[in-house]
Each structure stands twice: as structure tokens, then as C-alpha cells.
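Here is the structure we will look at, set down as C-alpha cells.
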Number of protein chains: 2
Amino acid sequence: MGRKKVEMKRIENKSSRQVTFSKRRSGLIKKAREISVLCDLQIALVVFSAPGRLNEFCAGDRLYKDSKAVLEQNCCQ
Amino acid sequence: MGRKKVEMKRIENKSSRQVTFSKRRSGLIKKAREISVLCDLQIALVVFSAPGRLNEFCAGDRLYKDSKAVLEQNCCQ
DNA sequence: TCTACTATGTATAAAGA
DNA sequence: TTCTTTATACATAGTAG
């Protein structure tokens with residue numbers, strides 16, 4: 001029982017990867033909502049499980065129009 | 001020392017709110033990157049600290065073109 | 001504001017049902 | 001496979017420098 005330290009690489013087993021995705025997705029959305037409320041800001045979270053395929057989307061109360069422009073950039077910090 | 005349970009509402013004190021934002025933002029980005037690697041998917045994280053004002057942006061290796069279309073929607077799950 | 005510390009709250013990997 | 005449980009890893013609030 002309990003857990004091991006997770007290695008930061010792609011999970012090869014498909015079902016394990018799916019389970020991890022499901023768990024971490026909900027955790028991530030929860031965190032995003034918390035920071036949105038606590039810090040009074042808008043946040044968008046877009047997940048693609050495959051090229052061009054939307055999997056999840058989450059935002060604050062509103063989503064500002066220029067978010068589109070933001071995503072026209074292709075940066076990764 | 002240590003910490004109390006955090007109440008889920010806007011932090012009124014400006015500097016405390018800024019500190020919390022800074023800490024949680026880095027945590028959120030870390031989590032986003034982890035799920036991106038572990039589950040082999042693309043993710044975008046857009047934060048607006050004020051209307052129309054980009055504060056942070058993070059994605060996976062690539063960001064697909066139709067992410068723009070996604071953000072044209074105005075939903076909040 | 002930034003770093004460091006550390007007690008404590010939270011997320012989650014594995015396992016069981 | 002989906003829901004629980006539980007041990008453990010991880011995140012972070014409050015504080016100090």
C-alpha cells in the first residue's frame with residue numbers, strides 16, 4: 001500500500017496511464033479553481049489527449065477574448 | 001510555523017494574495033508539466049491577473065492550432 | 001519581493017473490493 | 001474498470017531573514 005516515488009516519464013501501461021490521467025486531471029482542475037478564487041483571477045486549462053483533440057477545459061468565471069491571441073503563440077515556459 | 005487550513009475565498013490582503021499566487025502558480029505549472037509528461041499529452045495553462053491581461057502561459061511541447069477555437073467557447077466546468 | 005524552513009494539509013500510487 | 005482505502009510523497013501557509 002501507500003505509494004512510491006513517481007518517475008517523471010511517460011507511463012507505458014495504457015490503463016495505468018489512463019488512471020493517472022483521471023486522478024491528476026481532477027487534482028489539477030481543483031488547484032486551478034483554488035488559485036482562481038484565492039487570488040481573484042481568471043484561469044484557463046486546456047488539455048489535448050491527442051493532436052487537435054480537446055479533452056478538458058476549465059476557466060474562471062469569465063474568459064477574456066484575447067485568450068485566443070495568447071494561444072496563437074506557441075511558447076512553452 | 002506550520003500552516004492552517006485555507007479558507008476558499010479571495011485573500012483580501014494584497015501582499016498575502018500576491019505571495020499565495022506566486023507559490024501556487026509554480027505548483028500548478030509543475031503539476032501541469034507532470035501530467036503532460038506522464039500521460040503523454042499537450043496542456044495549456046493561461047492565467048489572467050486582470051481583464052485581458054496575460055499573466056502566465058504554459059504548454060506541452062507543442063500547442064495545437066485549434067486551441068484557439070477551444071478558447072472561443074466561454075465555458076466553465 | 002525572494003529564499004529557506006518546517007509543520008501540517010493535500011494529492012495520489014497501489015492495493016483491495 | 002470504477003470506487004475505496006491507506007501509506008506516503010508532495011505542496012504550501014506562516015514565519016524569519
Side-chain angles (χ1 to χ4, degrees), chain A residues 1-64 67 70-71 73 75-77, chain B residues 1-63 67 70-71 75-77:
Chain A
M1 275 177 268
R3 55 181 286 197
K4 295 176 185 171
K5 184 178 168 109
V6 177
E7 229 187 322
M8 278 310 298
K9 64 173 187 179
R10 175 190 150 100
I11 297 168
E12 293 304 330
N13 182 277
K14 191 176 178 180
S15 57
S16 297
R17 192 169 67 242
Q18 184 57 42
V19 170
T20 293
F21 172 63
S22 177
K23 287 181 178 180
R24 284 179 174 258
R25 179 189 55 193
S26 58
L28 198 60
I29 291 173
K30 188 181 177 188
K31 290 272 185 189
R33 284 178 178 160
E34 287 181 354
I35 196 173
S36 173
V37 171
L38 292 172
C39 304
D40 192 25
L41 46 82
Q42 307 301 312
I43 189 165
L45 189 60
V46 186
V47 181
F48 296 90
S49 56
R53 196 92 183 129
L54 173 67
N55 193 282
E56 196 70 39
F57 177 66
C58 179
D61 295 332
R62 297 157 299 174
L63 188 62
Y64 298 102
S67 54
V70 170
L71 287 178
Q73 300 172 53
C75 71
C76 177
Q77 182 182 44
Chain B
M1 276 177 267
R3 55 182 286 195
K4 295 176 186 172
K5 185 177 169 112
V6 178
E7 228 186 323
M8 278 310 298
K9 65 174 188 180
R10 176 190 150 101
I11 297 168
E12 294 304 330
N13 182 278
K14 191 177 179 179
S15 57
S16 297
R17 193 168 66 242
Q18 184 58 41
V19 170
T20 294
F21 172 63
S22 178
K23 287 183 175 179
R24 283 179 174 258
R25 178 188 55 192
S26 58
L28 198 59
I29 291 172
K30 188 181 176 188
K31 289 273 186 190
R33 284 176 178 162
E34 287 182 353
I35 196 173
S36 173
V37 171
L38 292 172
C39 305
D40 192 27
L41 46 83
Q42 307 302 312
I43 188 164
L45 189 61
V46 187
V47 181
F48 296 90
S49 57
R53 196 92 182 130
L54 173 68
N55 194 282
E56 196 72 35
F57 177 65
C58 179
D61 296 333
R62 297 158 299 174
L63 188 61
S67 54
V70 169
L71 286 178
C75 70
C76 178
Q77 180 181 44

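A note on names: the letters A, B, ... follow the listed sequences, proteins ahead of strands, and every chain is numbered from 1.
Toward the 5′ end of DNA chain D lies the nearest nucleotide of A:Val6, the other residue of the pair A:Val6 and B:Val6 mapping further downstream. Along DNA chain D, the nucleotide nearest to B:Glu34 and the one nearest to A:Ser15 differ in position, and the one closer to the 5' end is contacted by A:Ser15.
At a threshold of 4.0 angstrom between heavy atoms, the contacts of A:Val19 with the nucleic acid are absent.
If you take CG of A:Leu28 and C1' of C:dT10, they are 14 Å apart, rounded to a whole angstrom. Rounded to an integer number of Å, the gap from A:Ile29 CD1 to C:dT10 P is 19 Å. Atom CD of A:Glu7 is separated from atom P of D:dC10 by 12 Å (rounded to the nearest Å). Distance CZ (B:Arg17) to C1' (D:dA13): 17 Å, rounded to an integer number of Å. Taking atom NZ on B:Lys14 and atom C1' on C:dT1, their separation rounds to 13 Å, with Å as the unit. Atom CZ of B:Phe21 is separated from atom C1' of D:dA11 by 17 Å (rounded to the nearest Å). Spacing between atom CD1 of B:Ile11 and atom C1' of D:dG14 amounts to 12 Å, rounded to whole angstrom units. Atoms CG (A:Leu38) and C1' (D:dA11) sit 14 Å apart, rounded to a whole Å.
Surrounding CD of A:Glu7 are at most 12 heavy atoms belonging to other residues, nucleotides or ligands under 6.0 Å away.
OP1 or OP2 of D:dC10 has not a single side-chain nitrogen or oxygen of B:Lys31 nearer than 4.0 Å. Put simply, A:Gln18 has no side-chain N or O that comes within less than 4.0 Å of OP1 or OP2 on D:dT1.
Side-chain N/O atoms of A:Lys23 and base N/O atoms of C:dA13 include a donor-acceptor pair closer than 3.5 Å.
The line from NZ of B:Lys23 to CG of A:Leu38 is 12.5 Å long, rounded to the nearest 0.5 Å. Rounding to the nearest 0.5 Å gives a distance of 7.0 Å between CG of A:Leu28 and CG of B:Leu45. Between the OG1 atom in B:Thr20 and the CD1 atom in B:Ile11 there is a gap of 3.5 Å [rounded to 0.5 Å]. Atoms CD and CE, on A:Glu34 and B:Met8 in that order, are 4.5 Å from each other to the nearest 0.5 Å. Taken to the nearest 0.5 Å, the OG atom of B:Ser15 stands 15.0 Å off from the CZ atom of B:Phe21. Here CG of B:Asp40 is found 8.5 Å from CD of A:Glu12. Values are rounded to the nearest 0.5 Å.
Here the side chain of B:Ser36 pairs no donor or acceptor atom with the backbone of B:Ala32 at under 3.5 angstrom.
For B:Thr20, the listed nucleotide lying nearest its side chain is D:dA13; candidates were C:dA13, D:dA13, D:dC10. Checking C:dA11, C:dC2, C:dT10 against every side-chain atom of B:Lys5, the shortest atom distance belongs to C:dT10. Closest approach to the A:Lys30 side chain among C:dT1, D:dA11, C:dT10 is made by C:dT10 (side chain taken as heavy atoms from C-beta onward). In this structure, the nucleotide among C:dA13, D:dC10, D:dT12 sitting nearest to the side chain of B:Arg24 is D:dT12.
If one axis is set at each end of the helix from C:dC2-D:dG17 to C:dA17-D:dT2 from five pairs, those axes are 30° apart, to 10°.
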